[in-house]
Structures are given as C-alpha cells and as structure tokens.
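Structure record follows, encoded as structure tokens.
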There are 2 protein chains.
Amino acid sequence: MITHKAKDIFKDYLFEKGLRNTRQREEILNVFFSADKHITVEELFNMLKKTVPGIGYATVHRNLILLCECGLAEEIKIGKQKSRYEPKFGHEHHDHLICMKCGRFIEVNDDKIEKLQDKLAEANDFSPVRHKLEIYGYCKECR
Amino acid sequence: MITHKAKDIFKDYLFEKGLRNTRQREEILNVFFSADKHITVEELFNMLKKTVPGIGYATVHRNLILLCECGLAEEIKIGKQKSRYEPKFGHEHHDHLICMKCGRFIEVNDDKIEKLQDKLAEANDFSPVRHKLEIYGYCKECR
DNA sequence: GACCATGATGATAATGATTATCATGAACAT
DNA sequence: ATGTTCATGATAATCATTATCATCATGGTC
Ligand SMILES: [Mn+2]
Ligand SMILES: [Mn+2]
Ligand SMILES: [Zn+2]
Ligand SMILES: [Zn+2]
C-alpha cells in the first residue's frame with residue numbers, strides 16, 4: 001500500500017519546482033507503487049489505461065523521470081532490455097541477482113562488499129558516487 | 001601488438017563454424033586489437049575506412065559480434081550509451097571505475113569482492129554465472 | 001585454373017525504444 | 001473569473017541496432 005509519505009514527497013517536489021498536481025500524476029504514483037515491482041514504461045502505461053482512459057504514453061514516461069528526480073523511483077537498465085523503474089520509497093540501496101532464465105530480480109545487500117568497493121575506489125584515486133552490481137545466474141527455481 | 005594467438009583463435013573459430021576468411025575480417029581484428037580500448041562500432045568503423053575503403057558499417061558490427069562469440073571481445077553496455085567493445089585476449093576478468101566527467105574507464109579487480117559475491121549468491125540459493133560491477137564517480141583528474 | 005555452392009559484404013530499409021514537438025486543455029495564484 | 005504557464009496526448013523525430021537482399025568473394029572440387 002502506498003503511504004501518505006510517498007505522496008507527500010511527490011507533492012512537495014512538485015511544489016518546489018513550480019509543477020502542478022494532475023489527475024494523471026496522482027494515478028501514476030498510485031499504480032506505480034501498488035504494482036511494486038521493476039516495471040517498464042509500457043507495462044505501467046497499460047495498467048494506467050484502465051484507471052485513466054486516454055492517458056498518453058509520453059505522460060507516463062515523463063512522470064517516471066520525475067519520480068526518479070525526486071528519489072521515489074530508480075531507473076534500471078540491464079543490457080539491451082528496455083528501461084525498468086523500481087519504487088524506491090523506504091527502499092535502502094541494494095544490488096541485484098538476476099535470473100538468466102525467468103528474469104527474476106533478487107534484491108540483496110552486503111555491507112562488506114560495499115565497504116570494499118569504497119576502498120577499491122580510494123586505492124585508485126577515484127571518488128565513488130554510486131555503483132551498480134549485478135550478478136547474473138540462475139535462481140533456486142531455475143537451476 | 002596483436003599476437004598470432006588471437007588471430008589463430010579467430011581463424012579456428014571461423015573454420016569450426018564453416019565461416020570464411022576475408023580481408024575485412026583480418027583488418028577488423030587487427031585494428032580492433034591495435035586500438036586496444038573500449039571502442040564503439042562507429043569508432044572502429046571510422047578507423048577501418050582508412051585501411052579498407054568501402055567497408056560497411058554492418059560488416060564491422062557483425063564481426064564484433066563474432067569476436068564476442070569466440071571470446072576475443074566483450075560487449076560493454078553502460079546506461080544508455082551506445083555499446084562498446086573491449087578486447088579480451090589475455091585480459092582477466094575485471095570491473096570498471098567509470099568517470100562521470102571524462103568517461104574514462106579504470107579497470108580494477110578485487111579478489112575479496114569476487115569471493116564475497118559468490119558467498120552472497122550462495123546465501124540466496126542463486127548460481128552465479130557472471131557479474132558486472134561498475135562504480136561511477138570522478139577520477140583523479142576530474143574531481 | 002575453372003566452376004560452383006554458399007557465406008560475406010555493403011547499401012539500404014526496418015525496427016523499436018526513447019525523446020522532442022506542438023496545439024490544446026487544465027491547474028492555480030491572483 | 002481570469003490569465004499565465006505548465007501538462008497532456010497525439011504525433012513525429014531520433015538514433016543505435018538489426019534485418020534484408022542483390023551482388024561479390026571464398027574455398028572446396030575437379
Ligand atoms: Mn551495492
Ligand atoms: Mn568482478
Ligand atoms: Zn529464475
Ligand atoms: Zn575523469
């Protein structure tokens with residue numbers, strides 16, 4: 001269920017930037033968070049057509065970008081697949097185990113790895129900002 | 001300098017698959033390995049036009065895929081950038097530190113991280129096959 | 001060397017996700 | 001209620017990648 005908190009974050013962001021509340025934006029937020037998975041623009045667009053007939057593909061796309069900007073979503077690009085967006089409210093940083101058969105994403109986190117990454121960057125005179133760790137293989141059901 | 005070994009690997013692969021040696025294939029291999037960096041199809045295409053006038057873009061693209069198939073190259077996709085290909089002959093597995101300003105790739109490797117990744121996968125009933133670790137930030141010259 | 005089957009090439013078009021454009025409609029401060 | 005300006009939705013543009021296809025070239029055979 002989508003908390004009021006996420007809605008507030010979005011509304012505050014819109015206000016700050018001088019942007020407007022719209023029926024579409026409300027529904028995009030609702031459906032995106034209720035889906036609660038790594039979703040493509042197209043998938044979200046198709047879901048939204050039921051609640052907001054006539055909604056445009058570009059509107060969904062534009063607002064996913066907006067959600068990313070205010071930290072409520074994150075774009076995930078895997079190889080050549082189309083972009084996916086994951087809800088980020090209340091989600092800590094995590095990495096992904098990606099099943100090469102069924103496509104399932106398992107979200108994981110390992111503090112030791114995170115720390116070693118920082119050390120590795122440091123050792124190369126590199127200031128890390130963010131990182132992406134994806135492990136491809138086969139999940140329990142698929143191996 | 002490109003060793004005979006890489007050429008042999010390529011030729012053996014072509015023979016196995018019933019494919020043919022061509023002037024274009026020879027030059028693509030030569031130029032790709034002498035460039036020795038993460039290169040796009042377009043960049044390689046432009047370099048090749050000097051040695052093989054009239055060479056086609058599609059030919060370069062097709063043969064980079066071929067080089068990947070026989071293990072002499074690896075495709076690197078970073079976000080929405082166009083695909084890059086890196087020579088893999090004699091290269092061990094490594095990860096990348098990617099400068100968000102100048103675009104430089106620093107190749108790194110950390111055994112501890114590699115081992116922890118396997119443990120992490122194991123702990124999630126996941127059989128890892130390969131992985132991708134990219135750390136984005138700023139290099140020595142750009143921070 | 002000539003011949004032939006078939007893969008390779010290069011020009012071009014198709015594809016498809018993403019992004020831009022623009023006329024019209026809607027939000028919201030006054 | 002009005003006006004300004006942003007948002008929307010339809011549509012087109014973009015652009016890397018991939019497919020198509022007529023023609024050429026390779027490598028095996030005689
Ligand atoms: Mn991580
Ligand atoms: Mn690694
Ligand atoms: Zn699976
Ligand atoms: Zn740099």
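In the text below, chain A, chain B and the rest are named by the order of the sequence lines, each starting its count at 1. Note that this is a predicted model, so its numbers are computed, not measured. Just so it is clear, the values below take in all heavy atoms, side chains as well, and ignore hydrogens, waters and symmetry mates.
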In whole angstroms, how far is the [atom2] atom of [N] from the [atom1] atom of [X]?
X       : N      : atom1 : atom2 : value
B/Leu19 : D/dG27 : CG    : P     : 11 Å
A/Lys77 : C/dA17 : NZ    : P     : 10 Å
B/Gln81 : D/dT17 : CD    : C1'   : 16 Å
B/Lys80 : D/dT17 : NZ    : P     : 14 Å
A/Tyr57 : D/dT11 : OH    : P     : 16 Å
B/Leu14 : D/dG27 : CG    : P     : 9 Å

Which pair of heavy atoms, one from [X] and one from [Y], lies closest together, and at what distance?
X        : Y        : result
B/Phe45  : B/Ile55  : CE1-O, 3.2 Å
B/Ile135 : A/Pro128 : CG2-CB, 3.7 Å
A/Leu97  : B/Ala121 : CD1-CA, 4.3 Å
B/Tyr138 : A/Val129 : CE1-CG2, 3.8 Å
A/Glu86  : A/Phe32  : C-CZ, 3.5 Å
B/Asn124 : A/Ile106 : OD1-CG2, 4.0 Å

Between the protein and nucleotides 28-30 of chain D, which nitrogen or oxygen pairs come in under 3.5 angstrom?
none

Exercise. Going by number, which of residues 20-28 of chain A have a non-hydrogen atom under 4.0 Å from DNA chain D?
Worked result: A/Arg20, A/Thr22, A/Gln24, A/Arg25
For this session: Please list residues of residues 59-75 of chain A whose heavy atoms come under 4.0 Å from any atom in DNA chain D, ordered by number; otherwise none.
Result: A/Thr59, A/Arg62, A/Asn63
Identify whether the distance between the nearest side-chain nitrogen and carboxylate oxygen of [X] and [Y] falls below 4.0 Å.
X       : Y       : value
B/Glu26 : B/Lys7  : no
A/Glu69 : A/Lys17 : no
B/Glu42 : B/Lys82 : yes
A/Glu27 : A/Arg25 : no
A/Glu43 : A/Arg84 : yes

Exercise. Counting heavy atoms not belonging to B/Glu92, are there more than 12 under 6.0 Å from its CD?
Worked result: no
Problem set entry | Qualifying residue, where the test is side-chain hydrogen bond (donor to acceptor under 3.5 Å, both in side chains) with B/His96 and the options are B/Arg104, B/Lys132, B/His38 | B/His38
Problem set entry | Angle between terminal axes - the helix from C/dG1-D/dC30 to C/dT30-D/dA1, 5 pairs each end, rounded to 10° | 30°
Exercise. For residues A/Ser83 and A/Glu75, is any side-chain donor paired with an opposing acceptor at under 3.5 Å?
Worked result: yes
Exercise. Tell me, which of residues 39-48 of chain B have any heavy atom that sits under 4.0 Å from an atom in DNA chain C?
Worked result: none
Seminar exercise, completed: Residues passing the salt bridge (Lys or Arg N to Asp or Glu O under 4.0 Å) test with B/Arg62, sequence neighbours excluded, are none
For this session: Measure the spacing between CG of A/Leu116 and CG of A/Asp118 and express it to the nearest 0.5 Å.
Result: 9.0 Å
Exercise. So does A/Ser83 get a side-chain nitrogen or oxygen closer than 4.0 Å to the phosphate oxygens (OP1/OP2) of C/dA17?
Worked result: no
